[in-house]
Every structure is written in structure tokens, then in C-alpha cells.
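Below is one structure; the comments refer to it alone.
Because only heavy atoms are used, hydrogens play no part in the values below, and waters and symmetry mates are left out as well, while side chains stay in. All residue numbers refer to positions in the sequence shown, counting from 1. Just follow the structure's listing: the first ligand is 1, and inside any ligand the first atom is 1.
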Amino acid sequence: MTDHFHYQDGKLFAEGVNLEDIASRYGTPCYVYSHAALTEGFRQFASALNGRDHLVCYAVKANPNLAVLNLFARLGAGFDIVSGGELQRVIAAGGDAKKVVFSGVGKTKSEMRMALDAGILCFNVESAAELDLLNEVAGSLGKKAAISLRVNPDVDAKTHPYISTGLKQNKFGVAYTEAMDLYRKANAMSNIRITGMDCHIGSQLTEISPFIAAVEKVLFLVDELAREGIALEHLDLGGGLGIRYKDETPPAISEYVAALLSALEGRTQKLILEPGRVLVGNAGLLLTSVEYIKRGEEKNFAIVDAAMNDLMRPALYDAYHEILPVLREGHAHETYEIVGPICETGDFLGRERALPIVAQSLLAIMSAGAYGMSMSSNYNTRPRAAEVMVDGDRVHLVRERETVEQLYAGERIIA
Ligand SMILES: *Cc1c(COP(=O)(O)O)cnc(C)c1O
């Protein structure tokens with residue numbers, strides 16, 4: 001729990017607003033974000049990087065709500081995107097395309113065109129085939145595409161295998177041993193302009209050492225390139241800094257940045273970082289209501305109105321999210337499986353949680369600001385949750401609850 005979510009007289013608040021009030025006004029399930037927490041995270045990067053030529057490119061996929069993007073844009077952020085759709089969101093939110101880096105292994109021709117037309121800062125190229133296609137697409141538009149190669153440094157991020165990306169066996173980036181050749185090739189292409197080098201080794205890293213190991217490998221290549229007369233303007237060290245969900249002890253943003261800066265001592269290139277989770281994860285929670293208490297022979301279940309379609313992380317990675325009662329007292333504590341209404345045994349949000357709840361109690365599923373709403377689906381024809389952003393004692397609806405009609409609006413019955 002951050003300071004921005006706290007108990008006041010036994011009731012859970014988001015900044016100055018009682019979560020009970022949000023539930024009665026906007027319904028549940030509802031994502032609740034703290035404007036102050038979002039702002040604070042970004043400012044921590046900015047102050048740790050103060051005095052250094054840098055750009056913090058928020059990784060849009062962590063939470064792409066327009067209000068979140070707009071807030072970061074106003075704080076000076078650039079953006080790391082992984083699709084043309086995310087570029088459209090950044091522009092719609094008032095972000096600057098010139099501060100966008102485009103990552104991802106499967107960029108299509110039309111996404112490349114869109115990004116070239118918008119004038120993005122850099123393509124993080126992930127394969128030889130992508131480089132060829134980008135050269136061709138840029139040529140057809142009479143443009144030069146600015147590129148970094150996303151180098152796969154083959155270091156173990158020591159995180160969940162589904163979110164580890166910097167090992168040889170992962171699909172991401174250009175193999176370390178092939179990067180030099182590909183840079184040479186890129187250097188000879190008429191519609192490519194080499195501007196940087198990029199790496200991103202995974203997500204939810206809780207130690208600094210893998211980041212540093214990756215930086216060192218990247219710098220070795222940077223020096224090799226310099227010897228061949230290829231000078232880089234920027235180094236993009238990706239995102240991946242972890243957050244505390246339960247008992248993890250990730251480094252603070254300031255510590256992480258200080259370690260990177262010390263590994264980069266004497267380097268003058270602009271430093272780009274692509275944080276996602278660490279900026280938004282603990283700035284959001286998912287508010288849900290207990291529909292039923294179901295007593296089983298072996299376990300008691302609290303069946304809530306949020307489900308795996310709203311927050312997929314427990315089902316997908318067996319991820320832990322702290323679950324807090326909105327009313328801290330008033331009922332006896334009992335141990336429950338916190339489950340949703342979806343027809344899958346994997347539809348759980350928490351296991352064996354001792355909570356003082358009855359039917360209709362409200363629960364807050366914490367640390368849900370990153371990869372929560374952004375990974376949600378409509379499975380079981382469940383309209384997606386509303387999203388609100390709290391700023392002091394004001395609540396702003398930043399995404400309306402979906403309606404069922406919206407879900408099937410594009411479908412047709414055949415005659
Ligand atoms: C997902 C992603 C990020 C952000 O990762 P976090 O763990 O959320 O910080 C950064 N860069 C790239 C290329 C990504 O795919």
C-alpha cells in the first residue's frame with residue numbers, strides 16, 4: 001500500500017476519497033488510480049536523472065488509459081509503444097510523437113508507415129527481416145527511419161519466465177553475436193539512420209545486477225561500433241524495474257537510476273528508459289464487491305464481481321495481489337478463496353486470504369495499476385470495468401463502464 005491508499009477511521013481511502021463513495025457512484029468492478037502516486041513516480045525518475053540528457057519513455061502497454069498518458073505527457077514523458085494502436089492513443093492523449101520509441105517483434109508495414117508519418121523518435125528494430133522491411137517502407141515514403149537495434153544481451157533477469165525477455169531462447173531482440181553485423185548492414189542502407197542501441201531484458205526485476213550486466217554488454221558493442229565510425233546518439237536501457245506486490249524488495253527508482261548512471265560513467269549519449277509497471281503498478285487498485293459467501297467442505301469462497309477478465313495476472317502468472325477490506329473492522333476474520341464468476345477454475349484473484357467480510361462487502365485488489373485493465377478481456381461477455389482517477393478529493397471518470405451492446409456492436413447475424 002502506498003501513502004496514497006490508506007485507512008482513515010477504519011475505511012480505505014484513495015487520496016482524499018472514501019472507496020465506498022466511489023463504489024456507490026461508479027459501481028464495481030472499478031479501477032481506481034491515484035493522480036498523486038502517478039505523478040510522484042514520474043518525478044522520482046526526473047529528479048534521479050536531473051542534469052543528465054535523458055528521456056523517460058513510459059511503456060504504454062502497462063496502462064494505456066488516455067488520462068494516464070496525458071498526465072505523463074504533461075510531466076514531460078516520451079512513450080514506448082508496441083503497436084500502431086498505442087501510437088494513436090499517445091497522439092489522442094496529447095503526447096508528442098517525436099518522443100516515441102517503437103518496440104516489438106512484429107511491426108507491420110502499415111504500422112511502420114504510420115510511425116514514419118508521425119515522425120517518431122526511433123524504431124527499436126528486433127530482427128534483420130524487420131530492418132529490411134523498414135528500409136523499404138521508409139524508401140517508399142522518401143524518408144529515413146531512425147533506428148536502434150534491440151540487442152538481446154543474454155542475461156538472466158531472474159523473473160517469471162513469461163516476462164523474461166533477455167535470454168537467448170526468447171523471441172525478443174537481435175542475438176548479441178549478430179548485432180555488429182546487422183549494425184554494419186543498417187549503416188549501408190539508404191533509408192535507415194542509426195541513432196541508438198536498445199535493450200530490455202524483462203519485467204518485474206527486483207535486483208539491480210541483471211540491469212548492470214546488460215548495460216555492460218551493451219556498452220561493449222557501443223565501443224565496437226564507435227571504433228568502426230558508427231557513433232550513437234542515445235542508449236535505451238528499457239524498462240523492467242519491479243514493484244512490491246507482497247514481500248519483494250525491489251530497489252527504489254533513485255537507487256536503480258543511480259546504478260545505471262554509474263555504469264554509464266563517462267558516456268555522453270542521451271539516456272532513454274522505458275519504465276512501465278514501476279510508474280503505474282502501485283498507483284492503482286481494483287475495487288470489487290463480494291457477491292456471495294459460499295461455504296465449502298474444505299474451503300470458503302468469497303465470490304466477487306471482478307474476475308480474471310478484469311485482472312488476468314493471478315490466472316496467467318499465479319501472481320499475488322494484496323487484497324484489503326474497504327471496511328477494516330466489523331466482521332470476524334475468516335479465510336477465503338477470492339474468486340470471480342467466470343467458468344474457469346483459474347478464475348481466482350487471491351488464495352487463502354483472512355478477511356473480515358460478508359456478502360456486499362467491498363474489497364480492494366491492490367497493485368493493479370499495471371497490466372490490469374490493459375490485459376483485460378470480455379470473456380464471458382463481461383463488459384470491462386470503469387476506470388476512475390482520484391486527484392485529492394475529486395474523482396474523475398476516465399473510462400466509462402462498457403455496455404454489452406458495445407461488445408457485440410460489430411457482430412452480424414447471417415441471413
Ligand atoms: C513491456 C515493456 C517495457 C516495460 O516493462 P515494465 O516491466 O512494465 O517496466 C519496456 N520496454 C519494452 C520493449 C517492453 O516490451
Polar side chain donor-acceptor pair, [X] to [Y], under 3.5 angstrom:
{"X": "Asp53", "Y": "Gln269", "value": "no"}
{"X": "Glu136", "Y": "Asn191", "value": "no"}
{"X": "Asn124", "Y": "Arg150", "value": "no"}
{"X": "Asp80", "Y": "Ser103", "value": "yes"}

Spacing of Glu15 atom CD and Ser34 atom OG [to the nearest 0.5 Å]
3.5 Å

Give a table of atom pairs where an N or O of ligand 1 lies under 3.5 Å from a protein N or O.
residue	atom	partner	partner atom	Å
ligand 1	7 (O)	Ser203	OG	2.3
ligand 1	8 (O)	Arg277	N	2.7
ligand 1	8 (O)	Tyr371	OH	2.5
ligand 1	9 (O)	Gly240	N	2.8
ligand 1	9 (O)	Gly276	N	2.9
ligand 1	11 (N)	Asp80	OD2	3.1
ligand 1	11 (N)	Glu274	OE1	2.6
ligand 1	15 (O)	Lys61	NZ	2.7

Sequence neighbours left out, what pairs pass salt bridge (charged side-chain N to carboxylate O under 4.0 Å, His left out) with at least one residue falling in residues 198-212?
Lys158-Glu207

